[in-house]
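Throughout, a chain's letter reflects where its sequence line sits, starting with A, and its residues are numbered from 1.
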Protein chains: 2
Amino acid sequence: METVDKKILLVEDDPNFGTVLKDYLMMNDFDVVHAKNGMEGFEKFKKDNYDLCILDVMMPYKDGFTLAKEIREKNEEVPIIFLTAKAMKEDVLRGYKVGADDYLNKPFDSEVLLMKIKAIIQRKGADSLADSKEFEFQIGNFHLNSKLRFLTLNDKEPIKLSPKENELLRLLALHLNDLMPRELALTKIWRDDNYFTSRSMDVYIAKLRKYLKSDENVEIVNIHGEGFRLLVKDQVDF
Amino acid sequence: METVDKKILLVEDDPNFGTVLKDYLMMNDFDVVHAKNGMEGFEKFKKDNYDLCILDVMMPYKDGFTLAKEIREKNEEVPIIFLTAKAMKEDVLRGYKVGADDYLNKPFDSEVLLMKIKAIIQRKGADSLADSKEFEFQIGNFHLNSKLRFLTLNDKEPIKLSPKENELLRLLALHLNDLMPRELALTKIWRDDNYFTSRSMDVYIAKLRKYLKSDENVEIVNIHGEGFRLLVKDQVDF
DNA sequence: AAAAGCGTTTAACCAAATGTTAACATCTCT
DNA sequence: AGAGATGTTAACATTTGGTTAAACGCTTTT
């Protein structure tokens with residue numbers, strides 16, 4: 001699933017600490033944008049989509065809480081972790097009130113931060129893709145580029161997909177290992193849910209199965225009366 | 001779904017601390033089940049469905065990490081918070097590795113814990129609102145995914161359930177250890193309460209019993225003239 | 001303009017999954 | 001004991017899905 005590195009917004013005014021932390025996170029395969037204060041942090045936040053925000057509490061011009069509140073107004077979902085030097089109880093409570101996901105006291109262990117980041121992103125990650133404009137998917141050993149309508153297995157010659165094949169596989173990939181309801185595909189792709197469109201969809205499922213057959217760990221399974229499930233066996237986590 | 005209190009499993013061997021914490025949480029409108037050790041905690045976990053687990057790390061017989069791992073095998077979703085007296089880095093990392101959602105060092109501020117609990121439960125709730133997380137159940141050693149219509153026992157091959165089997169088991173699980181009235185299933189699932197639907201339901205009860213037979217601690221008992229009760233017995237208690 | 005290529009739909013047939021009913025055995029309550 | 005409720009199994013009916021191939025419509029090629 002992890003086609004693209006997770007994007008982190010780091011807002012930290014201490015240039016030394018900020019740079020070290022940024023480098024450390026980048027070494028661990030995160031895509032980090034570093035803002036030097038609350039203002040800049042908010043500007044950067046508005047310009048891009050982040051998977052996580054790490055905010056220093058004590059900052060000039062605009063403190064971490066205020067920034068968090070502004071971020072929450074724009075986006076209720078994005079996880080927020082606070083960094084703070086002082087561990088005042090009031091601060092901690094205030095942090096959770098503005099919707100923090102976690103809280104870390106400086107100095108902290110970088111490995112611990114990393115674990116927290118992974119834990120938090122992993123939990124959030126699952127369904128945030130649901131409506132995004134993602135067009136690249138990893139499906140077992142396959143790679144689907146649904147913009148170019150290519151399905152590639154390792155270094156084999158890419159399979160060209162027809163528009164319907166592509167849309168259907170993309171919908172399945174968006175619900176990877178989960179149910180993709182029949183009705184969803186019919187309304188989204190065929191724009192009509194009746195006997196014939198449903199039969200047509202089955203024909204396309206058969207076509208996709210034929211393509212996917214060359215990786216035995218990938219399978220489209222039917223859930224009778226409900227829909228289909230694009231299943232990837234033998235999954236490895238990071 | 002009804003607005004029922006959130007159910008918390010608290011596993012803490014220190015009787016004083018455990019009781020105080022339980023009372024505090026209950027005062028704050030949580031439904032708390034208190035287990036005195038890891039074994040008991042796991043038994044309790046299997047017998048019911050919880051919104052959150054709070055596990056002490058240092059416990060006799062079975063420590064919090066081991067317990068967390070067992071819980072994770074049964075349920076990948078339920079949030080876990082660790083309590084620990086010592087704040088060893090290795091422990092913290094180990095906790096996150098087994099899928100912790102948070103970590104607290106004793107002594108901690110109860111208000112902070114409350115905030116964390118609320119943040120975590122809220123976060124989970126938001127994530128799963130899209131497809132309403134009301135479809136995963138723990139039934140003894142079984143795990144029911146009523147969205148994918150799977151009934152899984154430990155690492156065995158999942159049993160595929162038919163729509164009616166699934167709906168019926170789900171209704172029973174919603175009333176775990178409690179009466180599930182005949183009439184409820186008939187009106188909700190069969191949409192008609194007559195002689196034939198009632199016989200049909202009995203056929204499905206028989207099918208479910210056959211599936212559930214492989215865990216002798218799980219049983220569907222009849223309450224003559226009233227309905228059925230999905231019962232999870234305890235195996236160990238000390 | 002006819003032929004060929006392509007994506008899609010329709011049709012037909014078969015296989016699998018699901019649900020209902022009937023028949024009979026057993027249990028529970030009075 | 002006896003009536004009604006429940007348990008179990010199997011036959012049967014129905015619904016849904018899988019597959020193949022032909023038909024259709026559209027665009028490009030000859």
In whole Å, I'd like the distance from the [atom1] atom of [X] to the [atom2] atom of [N].
X         : N       : atom1 : atom2 : result
Arg209(A) : dT20(D) : CZ    : P     : 12 Å
Leu186(B) : dG19(C) : CG    : C1'   : 15 Å
Ile220(A) : dG17(D) : CD1   : C1'   : 13 Å
Tyr211(A) : dT19(D) : OH    : C1'   : 15 Å
Glu226(A) : dG17(D) : CD    : C1'   : 14 Å
Glu165(A) : dC6(C)  : CD    : C1'   : 11 Å
Ile223(A) : dT15(D) : CD1   : C1'   : 17 Å
Ile189(A) : dT9(C)  : CD1   : P     : 11 Å

Sub-3.5 Å donor-acceptor pair from the side chain of Arg72(B) to the main-chain atoms of Asn75(B), do we have one?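 A pair under 3.5 Å: yes.
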
Examine the side chains of Asn49(B) and Lys7(B) and answer whether a donor and an acceptor come within less than 3.5 Å of each other.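 Short answer, no.
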
Qualifying residue, where the test is side chain to side chain contact (heavy atoms under 4.5 Å, CB included) with Val33(B) and the options are Leu9(B), Val11(B), Asp48(B):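 Going through Leu9(B), Val11(B), Asp48(B) one by one, the side chain to side chain contact (heavy atoms under 4.5 Å, CB included) with Val33(B) is satisfied by Leu9(B) alone.
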
Check the phosphate of [N] against [X], side-chain N and O only, distance under 4.0 Å to OP1 or OP2. Yes or no?
X         : N       : result
Arg182(B) : dT6(D)  : yes
Ser162(B) : dG19(C) : yes
Lys210(B) : dT9(D)  : yes
Trp190(B) : dG19(C) : no

List in numerical order all residues of residues 192-204 of chain B for which some heavy atom is under 4.0 Å away from an atom belonging to DNA chain D.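 Arg199(B), Asp202(B), Val203(B) - these, ordered by number, are the residues of the stretch whose heavy atoms sit under 4.0 Å from the strand.
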
Verdict with supporting geometry, Ile117(B) and Asn28(B), side-chain contact (heavy atoms from CB on, under 4.5 Å): CA-CA 11 Å; Ile117(B) 289 174; Asn28(B) 283 280; over 6 Å; no

Take His224(B) and Lys164(A), find for each the nucleotide of DNA chain C with the closest heavy atom, and name the residue whose nucleotide sits nearer the 5' end.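 The residue whose closest nucleotide sits nearer the 5' end is Lys164(A).
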
Ring centres of Phe142(A) and Phe137(A) under 6.0 Å apart?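 No, they do not, as the ring centres are separated by 6.0 Å or more.
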
List in chain and number order the residues that pass side chain to side chain donor-acceptor pair (under 3.5 Å) with Gln138(B), two or more places apart in sequence or in another chain; answer none if no residue qualifies.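 Checked Gln138(B) against side chain to side chain donor-acceptor pair (under 3.5 Å); matches are His143(B).
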
Pair Lys46(B), Glu43(B) - check salt bridge (Lys or Arg N to Asp or Glu O under 4.0 Å), show working. CA-CA 5 Å; Lys46(B) 288 193 295 188; Glu43(B) 293 311 313; 3.7 Å; yes

